[in-house]
Protein chains: 2
Amino acid sequence: MAHETQKAIARQSLLLKSLPEHHIDKLLSHAIWRRYDRGETIFLQEEEAKAVHVVLAGWVKLFRMAPTGAEAVVSVFTRGESFGEAVALRNVPYPVSAEAVSACEIMHIPSPLLLSLMREDPEIGVSILASTFTHLHSLVAQLEQLKAQTGAQRVAEFLLNLSDKVSGGCEVELPYDKMLIAGRLGMKPESLSRAFSRLKPVGVKINRNHAEIADIQSLRDYAESDSSEK
Amino acid sequence: MAHETQKAIARQSLLLKSLPEHHIDKLLSHAIWRRYDRGETIFLQEEEAKAVHVVLAGWVKLFRMAPTGAEAVVSVFTRGESFGEAVALRNVPYPVSAEAVSACEIMHIPSPLLLSLMREDPEIGVSILASTFTHLHSLVAQLEQLKAQTGAQRVAEFLLNLSDKVSGGCEVELPYDKMLIAGRLGMKPESLSRAFSRLKPVGVKINRNHAEIADIQSLRDYAESDSSEK
DNA sequence: GCCACAACTTGACAATTGTCATGTCATCGC
DNA sequence: GCGATGACATGACAATTGTCAAGTTGTGGC
């Protein structure tokens, strides 16, 4: 059974937070709560979707296996984020696989439950669309990064997203290991290492999973500069 | 006002085709029908969404401008396809811009209309989710291609998608000009030219916007082969 | 028909990235 | 504590791609 703290986290998720109280209660009471170990599979590509997943703790990666065997990381989720909404409601197979990259707590909302609530109250549909749109938007942003930015610039943006400061210097922790960061940014671990060294002149120091940014603004300038002027 | 043939095309779109007759009639009668010239802007990034768009004829590209000025083509739509669903229903700004890449006929469904119908009948929400999921899926597929395949392999897949044949040889027309194909596949026009030449040994001949594929299966093998074994 | 222009192709070169090999360093089981 | 393991860094090299420049070929205007 779920702890109260877990329920509190679930309530704050983008998927649930805009719903009326009585719907949230119903969803929470019928949800399945489960812990996953690092490396454990949550679902596989081509498997049929039976639930929507909300991350309560830990990190989850969604990835796709190309026929060649190469793995492409599509997104990485953490506390308060949900995935699988659009798939669950349409009874179609997952286009990606999901794996816990750290120990995780995940809440599964059975899709039939969501569907029946949705027929009662169309507002649920809007909530699901909100979550789905967020994913769509983040995929679009990723595509733009891959198509229009160099490796080092993608790393710079990644670092910028870890900090909520607007200007000045700051220190951030890399949320997961560098192999996964490399995959998420569409490069090999070796290229990530090189990208980090390129950021040194811009005022970035990396030590283990700890990054020091001398000046947010100059890093931002670097990320948005035309690659030809570097 | 719309021709009957245009209405017929709209009915076949993924967005509308699964809806009950009376809803379709209402949507069609309140929709805005418009023609766009080649190069004309349909909407701009950051603009607020007021409608869902259904392509009845011609080709439309969705793209994003990076702060550096580089353009990243996110998707290209044609007859029967729709875009902007998730954005229109949430009153948020478009994450991309849309432009007609050929002369186009487009139907615009005002979002307030869609929203009010959705509150009447949740089934509409499912239709919108279906369209949105299709976009999500195609973005995921694109990400996989960009991250896990070489340029020539992406071109091979692009050609394969133009043909509906399962085996043997075939001829296909390139649907839009090569500059746009290059953008859609995340490369420069020069790289596209080179990718085409690499496909020659695999049995692909390009002449203007006309492509000849000697054997679908061997092209498919090429697209899915590990890049290290080429 | 002729010119201008844009779309494309091709070659040479530079920059970026992947690949392979090697070495270091922390962590973990024992 | 000690070796094994995996994560990571780095150098050398090859492959891929972007960039720049030059040339070809349609198309549309006049």
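Chain letters run A, B, ... following the sequence lines, proteins first, then strands; residues in each count from 1.
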Rounded distance (Å) that lies between atom [atom2] of [N] and atom [atom1] of [X]:
X	N	atom1	atom2	value
B:Asn209	D:dG26	CG	P	13 Å
A:Asn207	C:dT24	CG	P	18 Å
A:Arg154	C:dT16	CZ	C1'	11 Å
A:Ile181	D:dA9	CD1	P	10 Å
B:Arg194	C:dG11	CZ	C1'	8 Å
B:Lys188	C:dC13	NZ	P	22 Å
B:Lys147	C:dG18	NZ	C1'	16 Å
B:Gln149	D:dT17	CD	P	12 Å

Considering the options B:Asp221, B:Leu160, B:Leu159, which one meets the side-chain contact (heavy atoms from CB on, under 4.5 Å) requirement together with B:Ile216?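 Exactly one option meets the side-chain contact (heavy atoms from CB on, under 4.5 Å) with B:Ile216, and it is B:Leu160.
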Angle of first-five versus last-five pair axes in the helix from C:dG1-D:dC30 to C:dC30-D:dG1, to 10 degrees: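 Computed angle between terminal axes is 50°.
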Test ring pair (Phe, Tyr, Trp, His ring centres under 6.0 Å) applied to A:His210 - qualifying residues, sequence neighbours left out: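 For A:His210, no residue satisfies ring pair (Phe, Tyr, Trp, His ring centres under 6.0 Å) once neighbours in sequence are set aside.
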Report all side-chain donor-acceptor pairs from residues 69-85 of chain B shorter than 3.5 Å, counting only partners two or more places apart or in another chain.
unit_1: B:Glu71; atom_1: OE2; unit_2: B:Lys61; atom_2: NZ; d: 3.0
unit_1: B:Thr78; atom_1: OG1; unit_2: B:Gly58; atom_2: O; d: 2.9
unit_1: B:Glu81; atom_1: OE1; unit_2: B:Thr78; atom_2: N; d: 2.7
unit_1: B:Ser82; atom_1: OG; unit_2: B:Glu85; atom_2: OE2; d: 2.6

Output every pair passing ring pair (Phe, Tyr, Trp, His ring centres under 6.0 Å) with a member in residues 173-201 of chain B, not counting sequence neighbours, ordered by first then second residue.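 Listed by first then second residue: B:Trp59-B:Tyr176.
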Worked verdict on B:Met107 versus B:Trp33 for side-chain contact (heavy atoms from CB on, under 4.5 Å): CA-CA 5 Å; B:Met107 176 178 88; B:Trp33 309 73; 3.4 Å; yes
Can you see whether B:Phe158 has B:Arg154 sitting over its ring - NZ or CZ less than 6.0 Å from the centre and within 45° of the normal?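 Negative - B:Arg154 is either too far from the ring of B:Phe158 or too far off its axis.
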Output one line per pair: protein atom, nucleotide atom from nucleotides 6-9 of chain C, and distance, for all N/O pairs under 3.5 Å.
unit_1: C:dC8; atom_1: OP1; unit_2: B:Lys178; atom_2: N; d: 3.4
unit_1: C:dC8; atom_1: OP2; unit_2: B:Lys178; atom_2: N; d: 3.1
unit_1: C:dC8; atom_1: OP2; unit_2: B:Met179; atom_2: N; d: 3.1
unit_1: C:dT9; atom_1: OP1; unit_2: B:Lys178; atom_2: NZ; d: 2.9
unit_1: C:dT9; atom_1: OP2; unit_2: B:Ser193; atom_2: OG; d: 2.4
unit_1: C:dT9; atom_1: O5'; unit_2: B:Ser193; atom_2: OG; d: 3.3

Under 4.0 Å from OP1 or OP2 of C:dT16: is there any side-chain N or O of A:Arg198 that close?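 Indeed, a polar side-chain atom of A:Arg198 lies that close.
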Check: A:Thr5 and A:Glu105 side chains under 4.5 Å, non-hydrogen atoms: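 Not touching, per the 4.5 Å side-chain cut-off.
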For the student: nearest non-hydrogen atoms of A:Val155 and A:Ala195, plus distance: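 Heavy atoms of A:Val155 and A:Ala195 come nearest at CG2-CB, 3.7 Å.
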List for me each residue that meets salt bridge (Lys or Arg N to Asp or Glu O under 4.0 Å) alongside B:Arg11, sequence neighbours excluded, and say none if there are none.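 Residues passing salt bridge (Lys or Arg N to Asp or Glu O under 4.0 Å) with B:Arg11: B:Glu21, B:Asp25.
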